[in-house]
Amino acid sequence: MAGSLRLPPMFIKGFLRHSAMTTTLVPRLAMSSKAAAAEDQKKPLLYSFWSSSCSWRVRIVLSFKGIPFDLKPISLSKRDTNNCYTDEFHQINPMQRVPSLVIDGHTLSDSVAIMHYLEETRPEHPLLPESPYERAKVREIVEIVCSSIQPLQNVGVLDEVGDKGRLKWAQLWIKRGFTALESVLSTTSGKYSVGDKITLADVCLVPQVFNAKRYKVDLTPYPNIVRLNEELLGNPAFSSSHPHTQPDYIPKNGF
Ligand SMILES: O=C(O)/C=C/C(=O)CC(=O)CC(=O)O
């Protein structure tokens, strides 16, 4: 895992705000300037927004696999000047949302595609189990979050729903999906969502719980989800990439 993960979050946050926004703090401090320049050249660039659950998925995978990267904040809000709705950003992400990752000479978009690319090209610290059955269960959980929950409650959809109904709408789809997830997890989970190793299922679960809290969903009916979320937030790959550690994080309404 990335060597920066043991630094206190406040140090990381302060450093990121005033530096090149890289997650490779400790390795870089120990590097010669020539080695650091070579490292910079091949480092992936992640376009990310602090509150985007899809961006957090990719940050977790990069951290878990120990892949150093640079980060460029792109906002999902039209009110911000660095928003994703510019012609320039359209060239990077045709859906005009985050995340996008520039890596190996390619520009990739859509968090699930990016996660699989990283898993296939950087198999160290695997995030898919070996058994086909367990892989299928991981993919089932990934699908529940990434197809049946998050797309129905993302900011673009909620903006269309409007201020009056947005909280109720977000809660409806999160609760529906969490009821299914809770049932799946009751048969698949060990220490983590599928067995005792961290997988892509966990990578998708934690950011979705963050969204659930944001939209004030009562998590009492979902004890497995709550237990797994607490366990995973103790892992450095999840805590170091948390939205509240991001350089573009703006505390708002206590969230
Ligand atoms: O890359 C994806 O899988 C999806 C991205 C989005 O829907 C944008 C986003 O991050 C919205 C959110 O999580 O609030």
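Start at 1 and go down the list; that is how both ligands and their atoms are numbered. Because only heavy atoms are used, hydrogens play no part in the values below, and waters and symmetry mates are left out as well, while side chains stay in. For clarity, every value in this text was computed on a predicted model and none was experimentally measured.
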Quick check: closest heavy atoms across [X] and [Y], and the distance to 0.1 Å?
{"X": "E182", "Y": "N224", "value": "OE2-N, 2.8 Å"}
{"X": "K43", "Y": "P68", "value": "CG-O, 3.3 Å"}
{"X": "P151", "Y": "V157", "value": "O-CG2, 3.3 Å"}
{"X": "S193", "Y": "T188", "value": "O-OG1, 2.8 Å"}

Co-membership, hydrophobic cluster, residues M95 and V102, 4.5 Å side-chain: no
Considering distance alone, does some N or O of S53 sit under 3.5 Å from an N or O of ligand 1? yes
Are any of the N/O atoms in N211 less than 3.5 Å from those in ligand 1?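 No: no nitrogen or oxygen of N211 is under 3.5 Å from one in ligand 1.
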Looking at [atom], what's its closest protein heavy atom, distance included?
{"atom": "atom 9 (C) of ligand 1", "result": "S52 OG, 3.6 Å"}
{"atom": "atom 3 (O) of ligand 1", "result": "S111 OG, 2.7 Å"}
{"atom": "atom 11 (C) of ligand 1", "result": "Q150 NE2, 3.2 Å"}
{"atom": "atom 4 (C) of ligand 1", "result": "C54 SG, 3.1 Å"}

Please determine if R176 forms a cation-pi arrangement with W173, meaning its NZ or CZ atom is less than 6.0 Å from the six-membered ring centre and no more than 45° off the ring axis.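 R176 over W173 ring: yes.
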Per-residue contact class, [X] against ligand 1 - non-hydrogen pairs under 4.0 Å:
{"X": "V98", "value": "backbone"}
{"X": "D110", "value": "both"}
{"X": "M95", "value": "neither"}

Going by the atom numbers of ligand 1, which of them fall below 4.0 Å from some non-hydrogen atom of [X]?
{"X": "R57", "value": "3 (O)"}
{"X": "N154", "value": "7 (O), 11 (C)"}
{"X": "P99", "value": "1 (O)"}

Show your reasoning for whether salt bridge (charged side-chain N to carboxylate O under 4.0 Å, His left out) applies to K191 and D202. CA-CA 11 Å; K191 187 173 180 191; D202 302 302; over 6 Å; no
Can we call the ring centroids of F210 and H244 under 6.0 Å apart?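 Judged by ring-centre distance (under 6.0 Å), F210 and H244 do meet the cut-off.
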